[in-house]
There are 2 protein chains.
Amino acid sequence: MEKRDLFLQKKLTDSGFRLTKPRRSILKTLSRTREHLSAEDIYREVSRDYPAIGLTTVYRTLELFVRMGMVQKYEFGDGRSRYEIVVDTPRDDEHHHHLICTKCHRVIDYTDFIEQEKDLLKETEEGLSRLYNFEIRSHTIAFYGLCENCR
Amino acid sequence: MEKRDLFLQKKLTDSGFRLTKPRRSILKTLSRTREHLSAEDIYREVSRDYPAIGLTTVYRTLELFVRMGMVQKYEFGDGRSRYEIVVDTPRDDEHHHHLICTKCHRVIDYTDFIEQEKDLLKETEEGLSRLYNFEIRSHTIAFYGLCENCR
DNA sequence: CTTGCTGCAAAGTGTTTGCATACAT
DNA sequence: ATGTATGCAAACACTTTGCAGCAAG
């Protein structure tokens, strides 16, 4: 976890970006959790060890991280964006998809069935790239429905 | 196409909702296109044959249609919601997924590879339902990347 | 030192709500 | 006639932008 932080910090500085307190803290917050944090969530969390933080900075930092490929931005349908750190090790065995409750907007990560999905997705990806002359960078699979509390 | 409209109109009245000019017109607009329309798009389109329409009504109508399962709402990541009519015939051979350009936000429907996906998805769906006690209603698969114009 | 980064305030954008009027049934 | 549906204006929630000061390198 700390190792990943250092790796990502280096990625930043290597690209000529400055390593500031807000950036470090936002990275740490994202790194520490498996949840799908909104900008507001992150703002609140970072505020604890760095009260001077501004929401604007959170947005700008997240935008930077997304551009750097360090963070993935999601829209789950409740009007605010969610952010998750990208686990981008050689063997990406933490790749996952989402299960979203349309009522309470809870989001569950699942990694089950990923193996079976992998081959199919790879094939599909290649096919689509060729067919539509598209450069595919990422994909999402999401199942929508009612979670156990809401059904 | 017209047949589908009548079917959906009946679905509305059967549920006790009134068949009004805005609703008919919005339905027609959604039905006529294969595109992913935003509320604004629909508003503009409907304005042509019904200039008195208000954006509010468009939103409220879409919300109703979504609740009725007649329309599917998507978030593709450009900040505005998109709406597509649900083709909900017994054999849902028009089911499709999306290819989204992260730069120009173009969205391409694809139906290729759907057959292969179908079995896997069905299995996954069943597995997830059981595992997480989730009642799955729908799913989306989206590939993100750069379209031929933007790459 | 220099220039990128930050925080504040203000503006922007898409969507929702309150309310009086209009209209489908 | 009755109550749902509409349209307007205003409110909202999230995100972005402009700008002067701050601090990382």
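Chain A is the first sequence line, chain B the second, and so forth, proteins listed ahead of strands; every chain is numbered from 1. Basis for what follows: all heavy atoms, side chains included, without hydrogens, waters or symmetry-related copies.
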I'd like to check the side-chain hydrogen bond (donor to acceptor under 3.5 Å, both in side chains) partners of A/Thr57; sequence neighbours left out, ordered by chain and number.
none
Using chain A heavy atoms and a threshold of under 4.0 Å, write down where along DNA chain D the contacts begin and end, 5' to 3'.
D/dC14 to D/dG25
One thing to verify: whether A/Glu115 and A/Lys118 come together as a salt bridge, which I'm taking to mean a side-chain N less than 4.0 angstrom from a carboxylate O.
yes
Quick one: on DNA chain D, does B/Arg18 or B/Gly54 contact a more 5' nucleotide (nearest heavy atom)?
B/Arg18
Is B/Tyr50 touching bases, backbone alone, or none of the nucleic acid, heavy atoms closer than 4.0 Å?
sugar-phosphate
By nearest-nucleotide position on DNA chain C, the 5'-leaning member of B/Lys21 and B/Gly79 is B/Gly79
Bounds of contact between DNA chain C and chain A, in 5' to 3' order, using a heavy-atom cut-off under 4.0 Å:
C/dT3 to C/dA9
Name each donor-acceptor pair under 3.5 Å that joins a side chain in residues 70-78 of chain A to protein atoms two or more places apart or in another chain, with its distance.
| from | atom 1 | to | atom 2 | distance (Å) |
| --- | --- | --- | --- | --- |
| A/Glu75 | OE2 | A/Ser81 | OG | 3.1 |
| A/Asp78 | OD1 | A/Arg80 | N | 3.4 |
| A/Asp78 | OD2 | A/Arg82 | NH2 | 2.7 |

Could you tell me whether A/Thr56 contacts a base, only the sugar-phosphate backbone, or nothing, with contacts defined as non-hydrogen atoms closer than 4.0 Å?
base
B/Ile114: which other cluster members, linking ILVMFWY side chains closer than 4.5 Å, directly or transitively?
none
Residue-level proximity of residues 60-67 of chain B to DNA chain C when a heavy atom falls under 4.0 Å
B/Arg60
Just jot down the side-chain contact (heavy atoms from CB on, under 4.5 Å) partners of A/Ser47, sequence neighbours excluded, or say none.
A/Tyr43, A/Ile53
Set of salt bridge (charged side-chain N to carboxylate O under 4.0 Å, His left out) partners for B/Lys10, sequence neighbours left out
B/Asp14
Looking only at atom types and distance, does a side-chain atom of B/Thr102 sit under 3.5 Å from a main-chain N or O of B/Gly145, one as donor and one as acceptor?
yes
Name the nucleic acid region contacted by B/Ser81, choosing base, sugar-phosphate or nothing; use a 4.0 angstrom heavy-atom cut-off, strictly under.
sugar-phosphate
Using residues 135-144 of chain B as the side-chain source, report each donor-acceptor pair under 3.5 Å to any protein atom, sequence neighbours left out, with the distance given to one decimal.
| from | atom 1 | to | atom 2 | distance (Å) |
| --- | --- | --- | --- | --- |
| B/Glu135 | OE2 | B/Arg137 | NE | 3.2 |
| B/Glu135 | OE2 | B/Arg137 | NH2 | 3.1 |
| B/His139 | NE2 | B/His95 | NE2 | 3.1 |

My understanding is that only residues two or more places apart in sequence, or in another chain, count here; which of them pass side-chain hydrogen bond (donor to acceptor under 3.5 Å, both in side chains) with A/Asp112?
B/Tyr132
Return the set of residues passing salt bridge (charged side-chain N to carboxylate O under 4.0 Å, His left out) with B/Arg67 (not counting sequence neighbours), or none when no residue passes.
B/Glu63
Using heavy atoms to find the nearest nucleotide of DNA chain C for B/Arg24 and B/Tyr83 separately, return the residue whose nucleotide is more 5′.
B/Tyr83
Atom pairs and distances, donor-acceptor, side-chain atoms in residues 15-22 of chain B, under 3.5 Å, two or more places apart:
| from | atom 1 | to | atom 2 | distance (Å) |
| --- | --- | --- | --- | --- |
| B/Ser15 | OG | B/Lys11 | O | 2.9 |
| B/Thr20 | OG1 | B/Arg23 | N | 3.4 |

